[in-house]
Amino acid sequence: MKSAFRNAVALRTLPHYHFINPHFHSLPRFSVAAVSSPPSSLVSPSKPETFRFRRRSSPLRVRYSSMTGGETDAPASMEKQFEDFRVKLDEAGSLRERIRAVVNEIESITRLMHASLLHVHQSRPLSEVLEKPKAQVDGLKELYGRLAEVLCECPGEYYRFHNDWRSETQTVVSLLAFMHWLETGKLLMHTEAEEKLGMNQAEFALDIEDYLIARLTLVNGLFNDVGLCFLSNEMPRYVVNQVLAGNYDCPRKVLRFLTDLHAAFRMLNLRNDFLRKKFDSLKYDLKRVEEVYYDMKIRHLANGDSAEDNGTQGQS
């Protein structure tokens, strides 16, 4: 009975494929050690085997190389063209540096002139206020002569470098116009401004828009450009300070001047640009002067009984 039980256990523990394959005992037996460990002659125990994959060349790279013939250097014509560009850009950069050096000196003189003209709002004699600014005019003319010599080296390219000194020139013309108005009570003409600065040459003249902007800058503020000290509404401020100093005839003169200037600008067909924006502010400055003059009239402080004053009232 024990032998029968032992045989039943043995039959139950046999693999399933032993019953499927009747030739199970006839199959060859393999050693586990022989399969898991390869022969020492195939694998070196000191240096493990490494696998190297060969990189395939990109089809785009192959196609580009076949189109260019394997040459990566730029054509000679392209190199020559960019070499010419480099030379021209270097020359333009050197020229701008020379222009900027002269413009910096012009800007320094305008600061001195402006600092002196600020005293006009105080109760000082006009001759004393204009003494230092008038002494700087000859220096400005000399600097603009040097600027003209630099621009003569590149004839026909005035407007290419115009922006390098445009803002400073507008400020200079504004100062000259204000000084001229303080002395004569009249507008500085375009030809007179060119003569003062020596900009009456064929290749080096005062741009008309710069002159017009300077006229409006005179009314709206002496320095209304980027990078300079801003003073808004120069003429109305001058009128108020003159009235406080006892000059009751000043509002009438300034009002007549601004009225004539406003009427003259009405003749121009101005577009929606910087010049038009500055012109639009002129009417507000004119209104401020009219208010000052009106206050003088109702207080019987202005000389309003003359025919000239009546003409001014009619224009305003």
Side-chain angles (χ1 to χ4, degrees), residues 88 91-114 117 133-184 186-228 257 260-261 264-271 273-279 282:
K88 291 180 180 179
E91 292 177 353
S94 177
L95 193 64
R96 277 197 168 91
E97 290 179 359
R98 295 170 59 188
I99 292 175
R100 194 63 220 173
V102 179
V103 170
N104 288 337
E105 298 184 29
I106 294 176
E107 190 175 358
S108 299
I109 292 180
T110 55
R111 290 197 191 99
L112 296 176
M113 296 175 65
H114 170 236
L117 286 176
K134 291 175 65 175
Q136 303 292 337
V137 176
D138 293 336
L140 287 174
K141 188 174 183 179
E142 180 182 356
L143 290 175
Y144 276 97
R146 289 169 51 187
L147 187 60
E149 294 177 358
V150 175
L151 292 175
C152 287
E153 300 179 5
C154 52
E157 296 186 355
Y158 173 88
Y159 286 101
R160 179 184 179 186
F161 304 98
H162 182 215
N163 289 331
D164 293 333
W165 74 84
R166 183 175 188 176
S167 177
E168 288 76 12
T169 301
Q170 293 172 3
T171 303
V172 168
V173 177
S174 300
L175 291 172
L176 295 178
F178 190 53
M179 294 166 55
H180 184 78
W181 183 85
L182 290 175
E183 288 183 311
T184 63
K186 298 180 181 179
L187 179 67
L188 179 68
M189 306 304 291
H190 181 263
T191 54
E192 295 175 345
E194 287 184 325
E195 185 67 25
K196 286 179 177 294
L197 298 177
M199 301 181 66
N200 50 1
Q201 306 177 17
E203 295 292 334
F204 188 69
L206 178 60
D207 186 75
I208 297 178
E209 290 189 1
D210 294 344
Y211 171 78
L212 293 176
I213 292 176
R215 301 282 68 72
L216 294 175
T217 305
L218 169 63
V219 179
N220 306 127
L222 283 180
F223 296 97
N224 202 8
D225 297 314
V226 178
L228 298 177
F257 172 74
D260 294 341
L261 185 63
F265 267 95
R266 285 289 186 181
M267 299 173 60
L268 303 178
N269 184 18
L270 301 177
R271 305 296 180 181
D273 54 1
F274 181 70
L275 183 59
R276 178 55 187 258
K277 292 178 181 179
K278 293 186 70 67
F279 169 70
L282 173 60

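Predicted model, so just to flag it, every value in this text is computed and none were measured.
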Roughly how far apart are [X] [atom1] and [Y] [atom2], rounded to 0.5 Å?
| X | Y | atom1 | atom2 | answer |
| --- | --- | --- | --- | --- |
| K196 | M179 | NZ | CE | 7.0 Å |
| L182 | L117 | CG | CG | 7.0 Å |
| Q136 | L175 | CD | CG | 11.0 Å |
| I213 | T169 | CD1 | OG1 | 11.5 Å |

For this session: Could you give me the CA-CA distance, side-chain angles and deciding distance for K186 and E192, then say whether salt bridge (Lys or Arg N to Asp or Glu O under 4.0 Å) is met?
Result: CA-CA 12 Å; K186 298 180 181 179; E192 295 175 345; over 6 Å; no

Exercise. Between Y159 and D207, does any side-chain donor sit less than 3.5 Å from a side-chain acceptor?
Worked result: yes

Closest contact, heavy atoms only, [X] versus [Y]:
| X | Y | answer |
| --- | --- | --- |
| A193 | L188 | CB-CD2, 4.0 Å |
| L212 | F265 | O-CZ, 3.8 Å |
| A92 | R160 | CB-NH2, 3.4 Å |
| Q170 | S174 | O-OG, 2.8 Å |
| G156 | E203 | N-OE1, 3.8 Å |
| L197 | Y144 | O-CB, 3.3 Å |

Problem set entry | Derivation and outcome, side-chain contact (heavy atoms from CB on, under 4.5 Å), residues R111 and S108 | CA-CA 5 Å; R111 290 197 191 99; S108 299; 4.1 Å; yes

Check: [Y] main-chain N/O paired with [X] side-chain donor or acceptor under 3.5 Å:
| X | Y | result |
| --- | --- | --- |
| E194 | L206 | yes |
| T171 | S167 | yes |
| T110 | E107 | yes |

Exercise. Do L143 and I109 come close enough that some side-chain heavy atom pair is under 4.5 Å?
Worked result: yes

Problem set entry | Residues L151, I99; criterion side-chain contact (heavy atoms from CB on, under 4.5 Å); working and verdict | CA-CA 8 Å; L151 292 175; I99 292 175; 3.9 Å; yes

For this session: Go through the steps for E142 and R146 under the test salt bridge (Lys or Arg N to Asp or Glu O under 4.0 Å), then give the verdict.
Result: CA-CA 6 Å; E142 180 182 356; R146 289 169 51 187; 5.7 Å; no

Exercise. Should R96 and F161 be marked as a side-chain contact (heavy atoms from CB on, under 4.5 Å) after you check the CA-CA gap, both sets of side-chain angles, and the distance that decides it?
Worked result: CA-CA 7 Å; R96 277 197 168 91; F161 304 98; 3.7 Å; yes

Exercise. Taking the inter-plane angle between the rings of W165 and F204 on a 0 to 90° scale, is it parallel (under 30°), tilted (30 to 60°) or perpendicular (over 60°)?
Worked result: tilted

For this session: Look at the rings of Y211 and H190 and say which category their plane angle falls in: under 30° parallel, 30 to 60° tilted, over 60° perpendicular.
Result: perpendicular

For this session: Begin from the C-alpha positions of V172 and L140 and carry the test side-chain contact (heavy atoms from CB on, under 4.5 Å) through to its verdict.
Result: CA-CA 9 Å; V172 168; L140 287 174; 3.8 Å; yes

Problem set entry | salt bridge (Lys or Arg N to Asp or Glu O under 4.0 Å) between R100 and D164, intermediate numbers included | CA-CA 7 Å; R100 194 63 220 173; D164 293 333; over 6 Å; no

